[in-house]
Amino acid sequence: MTDTVSRTETARLAFDGRELEMPVLRGSEDEAAVDISKLRAETGLVTMDIGYGNTGSCTSAITYLDGEAGVLRYRGYPIEQLAGQSSFLEVAYLLIYGELPTRQQLDAFVSEITHHTLIREEMRHFFDSFPADAHPMAVLASGTVGMSTFYPDSWEIFDPDAVEITTLRLIAKLPTLAAWSFKKAIGQAYVYPRNDLGYSANLLHMMFAVPSEPYEVKPEVAEALDLLLILHADHEQNASTSTVRMVGSTHVNMYASISAGINALWGPLHGGANEAVINTLERIVKSGGDVAKYVALAKDPNANFKLPGFGHRVYKNFDPRATIIKRAADRVLDATGADDALFEVALKLEEVALNDEYFVQRKLYPNVDFYSGLIYRAIGFPKNMFTNCFAIGRLPGWIAQWREMIASSETKIGRPRQVYTGVKQRDYVPIEAR
Ligand code: ACO
């Protein structure tokens with residue numbers, strides 16, 4: 001719990017002839033929450049909030065977002081400033097340790113990360129055991145939990161030194177696991193990390209270099225990738241981060257917790273939306289650019305189709321990350337000379353959707369994933385690698401949230417309640433008598 005939480009107010013609930021007074025918490029940005037932890041003990045009631053749209057699961061000092069105003073800040077710093085002036089590893093440091101590093105602190109952090117990028121050589125065989133068409137997210141999640149077998153010190157979750165080395169190993173090795181899962185899928189030799197390259201440039205090198213030829217990373221492409229990683233670095237209690245916290249609340253090690261977060265991110269309603277966006281744009285281009293047809297499909301309640309890249313649980317005005325990414329997409333397409341037919345369709349789709357009553361009424365705006373896939377694609381990433389890149393970006397946020405949870409004296413094992421709707425007690429009938 002942060003020391004900026006106030007508990008001076010109360011809320012009252014009347015039920016069954018009784019009245020219960022409950023404390024109201026107020027955070028540093030004046031957000032208020034009713035503490036219902038005594039509700040069941042005192043009234044027999046539990047709360048029901050399917051999808052947790054109205055449930056606070058923790059207090060946190062890491063990320064602030066205001067969905068109505070389109071505000072996103074990491075440790076108080078606006079995303080626009082970080083995206084314009086910082087680097088991904090500096091943002092990672094900020095999220096995890098709470099303050100921007102001095103030059104000396106940043107150099108030491110970058111050097112530590114750089115010198116842990118190799119994965120254990122035995123893990124080469126691990127990649128070979130998957131089918132050639134294995135989705136890289138499945139390989140990444142498996143490799144992440146697999147690392148706990150090589151580093152048993154990660155079980156010491158209350159030992160600050162063990163937490164520190166696990167933090168560094170995860171940030172350093174995830175790009176290597178991600179790139180090798182791709183190399184395996186395309187049958188190319190694994191490319192080892194290069195310590196003379198920056199974090200994003202090294203990921204591009206491991207993805208796209210081959211041992212037989214020199215490979216030069218374009219600085220503007222590495223910069224664009226670094227920007228995407230910054231924009232994805234944290235987003236408070238989203239589905240994957242809540243998963244990391246929930247799994248971590250059982251006191252399992254950080255590798256297992258992060259691996260669970262990677263699995264949650266994979267879904268098309270969450271991080272997997274960037275892959276779904278490109279699939280949709282490709283289908284629209286193939287069908288002759290009929291944007292209106294897909295907008296109509298998204299509005300049809302019987303079609304079971306949502307326009308990927310539109311809508312957000314929290315942002316109901318605009319997603320500030322989408323605004324930054326849209327500008328970057330323009331620059332990357334220029335730098336890479338990538339075919340921009342999909343970008344044109346994306347712009348058209350955005351325009352049609354934003355002026356459509358259905359989308360306006362429901363406050364459905366392009367989210368971070370609407371344009372990120374176009375950048376990944378222009379860089380040369382295949383579609384099934386997009387969410388791997390998102391996972392690398394989200395990693396510092398997951399780590400910061402896991403560390404905050406483990407360090408908090410308030411943390412309890414995550415264990416929601418339910419309202420049972422099944423059959424009442426009945427007697428077992430032997431199989432012959434059924
Ligand atoms: N296309 C069409 N209709 C939509 C869309 C969409 N993309 N998103 C929401 N709606 C509609 C819903 O059908 C619902 O309509 P109704 O009131 O007539 O029933 C209404 O808008 C409210 O939407 P919910 O699904 O209740 O909103 P929720 O907060 O539960 O879902 C979500 C948010 C999952 C992001 C949703 O907007 C969606 O599925 N979007 C597409 C997938 C996507 O882009 N996900 C990435 C999110 S960003 C991220 O995770 C990094």
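Counting starts at 1 for both ligands and their atoms, in listed order. The model shown is predicted, which means the values in this text are computed figures rather than measured ones.
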Notebook entry, point to check: How far is atom 42 (C) of ligand 1 from its nearest protein heavy atom, and which residue and atom name does that atom have?
Noted result: P268 O, 3.9 Å

Next item on the list: Answer yes or no for R194 and Y192: cation-pi contact, defined as NZ/CZ to six-membered ring centre under 6.0 Å and angle to ring axis within 45°.
Entry: no

Notebook entry, point to check: To the nearest 0.1 Å, how far is atom 48 (S) of ligand 1 from its closest protein heavy atom, and which atom is that?
Noted result: H312 CD2, 3.7 Å

Next item on the list: Could you tell me whether the side chain of T243 and the main chain of A239 form a donor-acceptor pair under 3.5 Å?
Entry: yes

Notebook entry, point to check: Just to confirm, does any protein heavy atom lie below 4.0 Å from atom 35 (C) of ligand 1?
Noted result: yes

Note to self: With the threshold set strictly below 4.0 angstrom, can you tell me whether any protein non-hydrogen atom sits that near atom 31 (O) of ligand 1?
What the structure shows: no

Next item on the list: Give the residue, atom name and distance (to 0.1 Å) of the protein heavy atom nearest atom 23 (O) of ligand 1.
Entry: K306 NZ, 4.8 Å

Note to self: Regarding H235 and T241, do their side chains bring together a donor and an acceptor under 3.5 Å, going by distance alone?
What the structure shows: no

Check: Does some non-hydrogen atom of G51 fall short of 4.0 Å from ligand 1?
Finding: no

Checklist line | N/O separation below 3.5 Å, Y358 to ligand 1 | finding: yes

Notebook entry, point to check: Does any N/O atom on R362 come nearer than 3.5 Å to any N/O atom on ligand 1?
Noted result: yes

Next item on the list: Can you label the angle between the Y97 ring and the Y93 ring as parallel, tilted or perpendicular, going by 30° and 60°?
Entry: tilted

Check: Would you say the side chains of N384 and E275 form a donor-acceptor pair under 3.5 Å?
Finding: no

Notebook entry, point to check: Ignoring hydrogens and geometry, is there a side-chain-to-backbone donor-acceptor pair from H205 to A201 under 3.5 Å?
Noted result: no

Margin query: Test your reading of the structure: does R321 have an N or O sitting under 3.5 Å from an N or O of ligand 1?
Written below: no

Notebook entry, point to check: So, E236 versus Q401: side-chain donor-acceptor pair below 3.5 Å or not?
Noted result: no

Checklist line | Under-4.0 Å protein heavy-atom contact, atom 16 (P) of ligand 1 | finding: yes

Note to self: For L364, which part has a heavy atom under 4.0 Å from ligand 1: side chain, backbone, both, or neither?
What the structure shows: side chain

Note to self: Under 4.0 Å from a heavy atom of L269: which atoms of ligand 1 are those, numbered in the order shown and with their elements?
What the structure shows: 39 (O), 45 (N), 46 (C), 47 (C), 50 (O)

Checklist line | Main-chain N/O of V110 paired with T114 side-chain donor or acceptor, under 3.5 Å | finding: yes

Notebook entry, point to check: Near R313, which atoms of ligand 1 are under 4.0 Å from a heavy atom of that residue?
Noted result: 28 (P), 29 (O), 30 (O), 33 (C)

Notebook entry, point to check: How far is atom 50 (O) of ligand 1 from its nearest protein heavy atom, and which residue and atom is that?
Noted result: H270 ND1, 2.8 Å

Margin query: Assess, by modelled atom type and distance only, whether the side chains of W402 and S257 contain a donor and an acceptor separated by less than 3.5 Å.
Written below: yes

Notebook entry, point to check: Are the side chain of T43 and the backbone N or O of R40 linked by a donor-acceptor pair below 3.5 Å?
Noted result: no

Item checked: ligand 1 atoms in contact with A273 (distance to a heavy atom under 4.0 Å) -> 43 (C), 44 (O), 45 (N), 46 (C)

Notebook entry, point to check: What protein heavy atom is closest to atom 47 (C) of ligand 1, reported as residue, atom name and distance in Å?
Noted result: N367 ND2, 3.6 Å

Note to self: So, regarding G309 and ligand 1 (criterion: nitrogen or oxygen to nitrogen or oxygen, under 3.5 Å), is there a contact or not?
What the structure shows: yes

Notebook entry, point to check: Below 4.0 Å from any atom of ligand 1, is there a heavy atom belonging to F370?
Noted result: no

Notebook entry, point to check: Is it true that a side-chain atom of N367 and a backbone atom of G309 form a donor plus acceptor pair closer than 3.5 Å?
Noted result: yes

Next item on the list: Look at atom 40 (N) of ligand 1 and say which protein heavy atom is nearest, naming residue and atom and giving the distance to 0.1 Å.
Entry: F310 O, 2.9 Å

Checklist line | Ligand-side contact atoms (ligand 1) for residue partner F390, heavy atom cut-off under 4.0 Å | finding: 51 (C)

Check: Do the ring planes of F182 and F208 sit parallel (below 30°), tilted (30 to 60°) or perpendicular (above 60°)?
Finding: perpendicular

Notebook entry, point to check: Looking only at N/O atoms, are L307 and ligand 1 under 3.5 Å apart anywhere?
Noted result: yes

Margin query: I'd like to know if atom 26 (O) of ligand 1 has any protein heavy atom within a distance of less than 4.0 Å.
Written below: no

Next item on the list: Apply the test salt bridge (charged side-chain N to carboxylate O under 4.0 Å, His left out) to residues E282 and K383: give CA-CA distance (whole Å), side-chain angles for both, the deciding distance (0.1 Å), then the verdict.
Entry: CA-CA 11 Å; E282 283 175 348; K383 275 183 287 188; 2.7 Å; yes

Next item on the list: Answer yes or no for F305: is there a heavy-atom contact with ligand 1 below 4.0 Å?
Entry: no

Notebook entry, point to check: For the rings on F310 and F359, is their centre-to-centre separation under 6.0 Å?
Noted result: yes

